[in-house]
Novice: 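Okay, handing you the structure first.
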Amino acid sequence: MIKDQITNLKNEAIGQVLEANDLKTLEEIRSKFLGRSGKINELTKEIPKLKPEDRGSIGKLINETKQTIEEVLSQSQEKLGGKKEEWFDLTLPGKKPEIGHLHLVTQTINEITDIFAKIGFKRVRYPEVEWDWYAFGGLNFPENHPARDEWETYFIANLNSPKYGRGLLTPHTSSGQLREMEAQKPPLRMLNIAKCYRRQSDISHATMFYQFEGLVVDEGINITHLKGTLDYFFKQFFGPERKARIRPYHFQFTEPSFEVDVSCSGCLGTGKTASGEICRVCKEGWLEIGGAGMVHPNVLRNGGIDPEKYTGFAFGWGVERVLMMKYGIGDIRLLFEGDLRFLNQF
Ligand code: FA5
């Protein structure tokens with residue numbers, strides 16, 4: 001019985017609100033239904049007369065009805081242009097909008113791109129999801145090379161090409177070498193900066209990281225061109241007093257191959273501090289930065305280039321590693337955690 005009364009009251013109120021054409025009528029409806037001696041309060045006074053077990057549910061129903069009528073009223077009020085003006089204190093200090101900036105890795109990628117652009121290197125992009133041929137096979141890696149091991153490289157399930165082998169996530173930017181050779185004829189001056197993926201994670205290794213790869217192929221290119229390019233980059237990126245050093249090493253796709261070191265900023269390559277103590281940063285004057293070498297003749301052949309006529313050099317380093325060296329950042333994971341307290345410093 002009382003439930004029917006409540007439903008009828010709700011329908012009556014909504015009907016009247018929908019028919020109202022002005023704010024004054026809405027105010028009258030509000031006081032008629034929701035006012036102190038309005039119809040809702042009349043009903044509320046009936047609650048104590050109910051059986052104790054019914055009081056809770058009827059009280060709840062009356063409250064819901066009140067809310068519904070309030071919502072319908074305020075919607076109509078807004079439609080009729082009766083939105084209340086909000087009070088605004090002009091003397092309050094304003095809120096400064098937050099202005100974002102590029103992530104340190106992106107800033108560094110842009111800086112590296114600009115440095116190499118000045119000596120004619122063109123930035124390129126090649127697929128992140130690659131074939132074994134471009135990442136390994138065509139770069140002279142034998143079938144059983146450990147880099148192909150599932151523990152190092154992410155292979156993609158059910159992605160196989162009869163011609164190019166298994167699908168994978170690029171483990172290094174060297175996969176761009178053959179793509180570049182296929183894309184155009186020498187002279188080549190490529191800068192491939194891309195995401196790389198490896199099953200590694202610790203203080204200096206991330207599962208996803210960036211590498212930048214330089215490739216130069218032309219007639220008469222030799223090791224002095226490589227050394228000069230490395231020297232130029234280090235001076236531009238780390239500072240005019242820095243120097244490059246190359247040491248013999250082994251990579252499948254370069255011959256001869258080198259590890260590249262940059263002279264330490266702390267001791268300027270001497271390995272000793274001003275007071276004659278051993279430099280704590282490098283211990284020997286040099287910091288290892290990554291790989292380089294003269295492009296292997298088999299790789300040139302696989303890219304359709306005659307190794308009797310052309311020679312080339314290549315280098316490939318981690319973007320995060322070089323920026324960590326430059327800014328003295330001790331843990332690569334800081335770069336990917338998105339912590340603004342860290343990122344806002346750059
Ligand atoms: C290579 O990847 C070769 N492709 C480099 C190369 C290119 C040699 C051209 C010769 C000619 P390596 O695996 O050493 O080499 O990696 C090169 C650099 O990538 C490392 O020195 C390091 O700076 C960076 N790097 C490698 N793995 C990771 C990782 N998991 N996280 C962050 N940086 C990494």
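In each ligand, atom 1 is the first atom listed, and ligand 1 is the first ligand listed.
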Novice: Just which atoms of ligand 1 are under 4.0 Å from any heavy atom in G316?
Specialist: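 Answer for ligand 1: 5 (C), 6 (C), 7 (C), 9 (C), 17 (C).
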
Novice: Find out whether the Lys NZ or Arg CZ of R179 is both under 6.0 angstrom from the six-membered ring centre of Y134 and within 45° of the ring's axis.
Specialist: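 Yes; both conditions hold, so R179 lies above the ring face of Y134.
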
Novice: If only side-chain N and O atoms count, and only distance matters, is there a donor-acceptor pair under 3.5 Å linking K195 with Q211?
Specialist: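 No, K195 and Q211 have no side-chain donor paired with an acceptor closer than 3.5 Å.
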
Novice: Answer with yes or no whether F253 contacts ligand 1, where contact means a heavy atom under 4.0 Å from a ligand atom.
Specialist: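 A heavy atom of F253 does come that close to ligand 1.
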
Novice: How close does the nearest protein non-hydrogen atom get to atom 31 (N) of ligand 1, and which residue and atom is it?
Specialist: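 Looking at atom 31 (N) of ligand 1, the protein heavy atom closest to it is A206 N, 2.9 Å.
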
Novice: Identify the protein heavy atom lying closest to atom 26 (C) of ligand 1, giving its residue, its atom name and the separation to 0.1 Å.
Specialist: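 For atom 26 (C) of ligand 1, the nearest protein heavy atom is R198 NH1, 3.5 Å.
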
Novice: For ligand 1, is there an atom lying under 4.0 Å from some heavy atom of I289?
Specialist: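 Within the 4.0 Å threshold, so yes.
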
Novice: Will you find, in the side chains of E180 and Y126, an N or O donor that is under 3.5 Å from an N or O acceptor?
Specialist: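 Yes, side-chain donor-acceptor contact under 3.5 Å.
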
Novice: Starting from atom 15 (O) of ligand 1, which protein heavy atom do you reach first, and at what distance in Å?
Specialist: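 That would be F251 CE2, 3.7 Å.
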
Novice: Does the cation-pi check pass for R242 over F234, that is, NZ or CZ under 6.0 Å from the six-membered ring centre and within 45° of its axis?
Specialist: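 The answer is no, since R242 fails at least one limit relative to F234.
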
Novice: Would you call R247-E259 a salt bridge at under 4.0 Å N-O?
Specialist: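 A salt bridge links R247 with E259.
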
Novice: Answer yes or no: is there a donor N or O on one side and an acceptor on the other, between the side chain of T229 and the main chain of H225, under 3.5 Å?
Specialist: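 Pair found, side chain donor or acceptor close to backbone of H225.
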
Novice: Which of the numbered atoms in ligand 1 are under 4.0 angstrom from any heavy atom belonging to G290?
Specialist: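 Answer for ligand 1: 21 (O).
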
Novice: I need the atoms of ligand 1 closer than 4.0 Å to a non-hydrogen atom of A314, numbered in the order shown.
Specialist: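 Listed by number with element, the hits are 9 (C), 11 (C).
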
Novice: Students should be able to answer this: which protein heavy-atom is nearest to atom 22 (C) of ligand 1, and at what distance?
Specialist: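 The closest heavy atom on the protein side is R321 NH1, 3.4 Å.
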
Novice: If we count only N and O atoms by modelled type, under 3.5 Å, do the side chains of E152 and Q200 hold a donor and an acceptor together?
Specialist: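 Q200 and E152 do have a side-chain donor-acceptor pair below 3.5 Å.
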
Novice: Does the ring of F237 carry K326 above it, NZ/CZ under 6.0 angstrom from centre and within 45° of its axis?
Specialist: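 Yes, cation above the ring, under 6.0 Å and within 45°.
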
Novice: Considering only the protein, which heavy-atom contact is closest to atom 9 (C) of ligand 1, and what is its distance?
Specialist: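 Here the closest protein heavy atom is E213 OE2, 3.4 Å.
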
Novice: Answer with yes or no after comparing the ring centroid distance for F212 and F121 against a 6.0 Å cut-off, counting only values under it.
Specialist: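 No.
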
Novice: Taking only non-hydrogen atoms of S204, do any sit less than 4.0 angstrom from ligand 1?
Specialist: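 True for this residue.
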
Novice: Under the criterion side-chain hydrogen bond (donor to acceptor under 3.5 Å, both in side chains), which of Q252, H145, E255, H296 is the partner of N140?
Specialist: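 Result: among Q252, H145, E255, H296, H296 is the only option passing the side-chain hydrogen bond (donor to acceptor under 3.5 Å, both in side chains) with N140.
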
Novice: Taking it one step at a time, do F258 and F315 satisfy ring-ring contact (aromatic ring centres under 6.0 Å, His included)?
Specialist: CA-CA 9 Å; F258 309 104; F315 56 87; over 10 Å; no

Novice: Can you tell which part of C196 has a heavy atom less than 4.0 Å from ligand 1: side chain, backbone, both or neither?
Specialist: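 Under 4.0 Å from ligand 1, C196 contributes no heavy atoms.
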
Novice: So if I count the atoms of ligand 1 from 1 in the order they appear, which ones are less than 4.0 Å from some heavy atom of I332?
Specialist: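 So the atoms of ligand 1 that pass are 32 (C).
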
Novice: Determine, using heavy atoms of Q211 and all atoms of ligand 1, whether some pair is separated by less than 4.0 Å.
Specialist: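 The answer is yes, since Q211 has a heavy atom less than 4.0 Å from ligand 1.
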
Novice: Considering only non-hydrogen protein atoms, determine which one is nearest to atom 30 (N) of ligand 1 and report residue, atom name and distance to 0.1 Å.
Specialist: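 For this ligand atom, the closest protein heavy atom is Q200 OE1, 2.7 Å.
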
Novice: Which residue owns the protein heavy atom closest to atom 33 (N) of ligand 1, what's the atom, and how far is it?
Specialist: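 Looking at atom 33 (N) of ligand 1, the protein heavy atom closest to it is F209 CD1, 3.4 Å.
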
Novice: Purely on distance, is any nitrogen or oxygen of H205 under 3.5 Å from one on ligand 1?
Specialist: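 No, there is no polar N/O contact under 3.5 Å.
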
